[in-house]
Enquirer: 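Sharing a structure here in structure tokens format.
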Amino acid sequence: MNFSKKGSDLLSKNSMEREPNVSKKKIFASLLFVPGFYLMVLFTTGLIVFVGSGLIFIIHYFVGEFLGELGFLYFGLILFDALPFFGMIFGVVSCFIAIISMFFKNKQFEPAILINPHDHPKLRDLISELSGKMDSQMPDSIILHVKSKIFVSEGKINVFNGIAKGRILAISYPLLHVLTVNELRAIIAHELSHFTGRDLVFNRFVSPVYKGANKYLDYITSLFNHNGRRRPIFISIPMILPKVLMEYYLRIFHKYNMKISREMEYRADYIASKMCGNENYKEALSKLISHGNVFNRLIDEQMTEKLVHGFQFENYFSYYRENVKTYKKQIEESLGKALSDNETEYASHPTLKNRIMNLPNVDTKYDDNEKALELINSFDYLEVSMTKH
């Protein structure tokens with residue numbers, strides 16, 4: 001598939017010549033959402049207590065005013081106090097659970113294998129060369145991902161055969177037989193550029209708080225329904241206004257941070273094109289999206305279906321390679337859809353169309369067109385191992 005035929009017209013209309021950058025002011029404004037969340041939690045917690053206490057007072061007042069002389073009836077109605085009281089307690093507990101959960105991160109797992117770069121000198125040398133040219137540190141860990149997923153991270157990730165630590169580069173294994181060495185180089189340059197920017201710092205501080213805020217909202221929302229059944233209204237009332245306010249805050253939080261995320265992607269695209277040429281990078285992006293979408297869908301559908309019927313692949317990746325031509329129509333449809341998608345303000349990545357329109361005009365700087373799979377030694381052994389996992 002030649003992406004340049006579909007993408008060259010778009011590129012010629014609007015190519016970016018100045019490197020896009022995420023300003024320190026935007027990063028600082030984004031980081032303000034972190035203390036802002038804690039303030040929102042304190043405010044909504046106080047609001048829950050205020051509304052719950054007010055509801056209890058109203059029940060006491062009206063029951064005492066109008067039913068105080070009815071004895072047992074008064075005693076029964078006064079039990080309504082317990083409903084807003086429990087709602088108030090549940091809401092306050094949810095606040096503390098959400099905050100505490102941010103300090104106890106769930107272990108991240110990726111379906112991938114950790115490799116020793118010294119066992120794959122061609123791949124190691126390619127990454128080392130790029131790291132040097134981009135003034136970036138060599139990744140501490142390299143993992144081969146079972147699905148069409150390429151990313152960088154910092155911290156710890158559990159994989160099939162161990163734990164990846166430090167600066168982590170994840171490379172999609174199934175795409176290695178589709179990408180050329182030139183195209184893989186461009187994709188890796190894109191990912192390494194996230195190390196050279198403020199991207200991982202941004203993700204390290206902002207993302208956990210955003211996840212915690214969503215957990216807090218989930219806890220509050222769960223108080224309205226339990227196992228599909230609506231809770232008594234007097235339990236839910238103290239949470240109504242806090243829920244609305246937190247939803248509004250998170251919508252602003254998410255929208256602003258997704259905008260920064262897209263700007264970071266534009267910067268990484270620009271650097272990758274400057275390093276390797278826009279034709280290589282365009283072709284790599286097209287394959288990453290079109291083949292990636294199809295492969296991910298097929299591996300989920302086919303492997304599940306085969307396993308249900310008692311069949312097990314010995315090497316699914318070779319199976320896909322041998323049959324990839326039969327999926328040509330699906331791959332082309334996937335690319336066409338990606339080129340026609342409209343960008344949304346809540347998306348973490350720009351659309352493919354917008355990404356190629358904003359690439360700089362840079363000639364190809366490398367002419368190594370062998371398959372990227374050739375960078376991996378003993379890949380048949382790795383494929384069998386990953387299929388087994």
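All residue numbers in this chain count up from 1 along the given sequence. Keep in mind the model is a prediction, meaning the values are calculated, not measured.
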Enquirer: Find out if a path of hydrophobic residues (ILVMFWY) with successive side-chain heavy-atom gaps under 4.5 Å connects Phe43 to Leu241.
Expert: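 Yes, Phe43 connects to Leu241 through the hydrophobic network.
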Enquirer: How would you list, by chain and number, every residue that makes a salt bridge (charged side-chain N to carboxylate O under 4.0 Å, His left out) with Arg124, sequence neighbours excluded?
Expert: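 Partners of Arg124 by the salt bridge (charged side-chain N to carboxylate O under 4.0 Å, His left out) criterion come out as none, since no residue qualifies.
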Enquirer: Taking distance alone, no hydrogens or angles, what donor-acceptor pairs closer than 3.5 Å link side-chain atoms of residues 175-185 to residues at least two apart or in another chain?
Expert:
unit_1: His177; atom_1: ND1; unit_2: Pro174; atom_2: O; d: 2.8
unit_1: Thr180; atom_1: OG1; unit_2: Asn182; atom_2: N; d: 3.4
unit_1: Thr180; atom_1: OG1; unit_2: Glu183; atom_2: N; d: 3.1
unit_1: Asn182; atom_1: OD1; unit_2: Arg185; atom_2: NH1; d: 3.3
unit_1: Asn182; atom_1: OD1; unit_2: Asp368; atom_2: N; d: 3.0
unit_1: Asn182; atom_1: ND2; unit_2: Tyr366; atom_2: O; d: 3.4
unit_1: Asn182; atom_1: ND2; unit_2: Asp368; atom_2: O; d: 3.0
unit_1: Asn182; atom_1: ND2; unit_2: Asn369; atom_2: OD1; d: 3.1
unit_1: Glu183; atom_1: OE1; unit_2: Thr180; atom_2: N; d: 2.9
unit_1: Glu183; atom_1: OE1; unit_2: Lys287; atom_2: NZ; d: 3.0
unit_1: Glu183; atom_1: OE2; unit_2: Lys287; atom_2: NZ; d: 3.3

Enquirer: Give a yes or no answer on whether the side chain of Glu343 reaches the backbone of Thr351 with a donor-acceptor pair at less than 3.5 Å.
Expert: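 It does hold such a pair.
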Enquirer: Taking side chain to side chain contact (heavy atoms under 4.5 Å, CB included) as the test, write out the residues that go with Asp363, two or more places apart.
Expert: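 So Asp363 forms no side chain to side chain contact (heavy atoms under 4.5 Å, CB included) with any residue.
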Enquirer: Can Ser334 and Asn293 be counted as having a side-chain donor-acceptor contact under 3.5 angstrom?
Expert: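 The answer is yes; a qualifying pair exists.
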Enquirer: Hey, any chance Leu169 and Ile163 share a hydrophobic cluster, counting ILVMFWY side chains that come within less than 4.5 Å of each other, even indirectly?
Expert: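 No, it is not one cluster - the side chains of Leu169 and Ile163 are not joined through contacts under 4.5 Å.
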Enquirer: Got a second to check how far His194's NE2 is from Ser136's OG, nearest 0.5 Å?
Expert: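 So the NE2 of His194 and the OG of Ser136 are separated by 11.5 Å.
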Enquirer: Where the side chain of Asn296 meets the backbone of Ser148, is there a donor-acceptor pair that is under 3.5 Å apart?
Expert: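 It does hold such a pair.
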Enquirer: Quick one: are the ring centres of Phe253 and Phe37 less than 6.0 Å apart?
Expert: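 No, ring centres 6.0 Å or more apart.
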Enquirer: Do the side chain of Ser273 and the main chain of Tyr270 share a donor and acceptor less than 3.5 angstrom apart?
Expert: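 Such a contact is absent between Ser273 side chain and Tyr270 backbone.
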Enquirer: Which residues, ordered by chain and number, are linked to Ile168 in its hydrophobic cluster, where ILVMFWY side chains connect at heavy-atom gaps below 4.5 Å, directly or through other members?
Expert: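 Direct or chained contacts put Ile168 with Leu114, Ile143, Phe151, Ile157, Val159.
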Enquirer: Could you tell me whether Tyr346 and His254 have their ring centroids closer than 6.0 angstrom?
Expert: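 Distance test on ring centres: under 6.0 Å, yes.
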Enquirer: Please identify each residue that fulfils side chain to side chain contact (heavy atoms under 4.5 Å, CB included) with Val49, with sequence neighbours left out.
Expert: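 Side chain to side chain contact (heavy atoms under 4.5 Å, CB included) check on Val49 returns Ser53, Met88, Val92.
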Enquirer: Taking the side chain as every heavy atom from C-beta outward, state whether Met138 and Ile127 have any pair of such atoms under 4.5 Å apart.
Expert: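 Side chain of Met138 against side chain of Ile127, heavy atoms only: contact under 4.5 Å found.
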Enquirer: Using atom types as modelled and distance alone, determine if a side-chain donor or acceptor of Ser261 lies under 3.5 Å from a backbone N or O of Ser348.
Expert: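 Yes.
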Enquirer: Are Asp140 and Arg167 ion-paired here, with the side-chain N under 4.0 Å from a carboxylate O?
Expert: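 Salt bridge flag = no for Arg167 with Asp140.
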Enquirer: Please list, chain by chain and in numerical order, all residues satisfying side chain to side chain contact (heavy atoms under 4.5 Å, CB included) with Val146, sequence neighbours excluded.
Expert: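 Once residues adjacent in sequence are excluded, the partners of Val146 under the side chain to side chain contact (heavy atoms under 4.5 Å, CB included) criterion are Pro111, Phe160, Ile299, Phe317, Met386.
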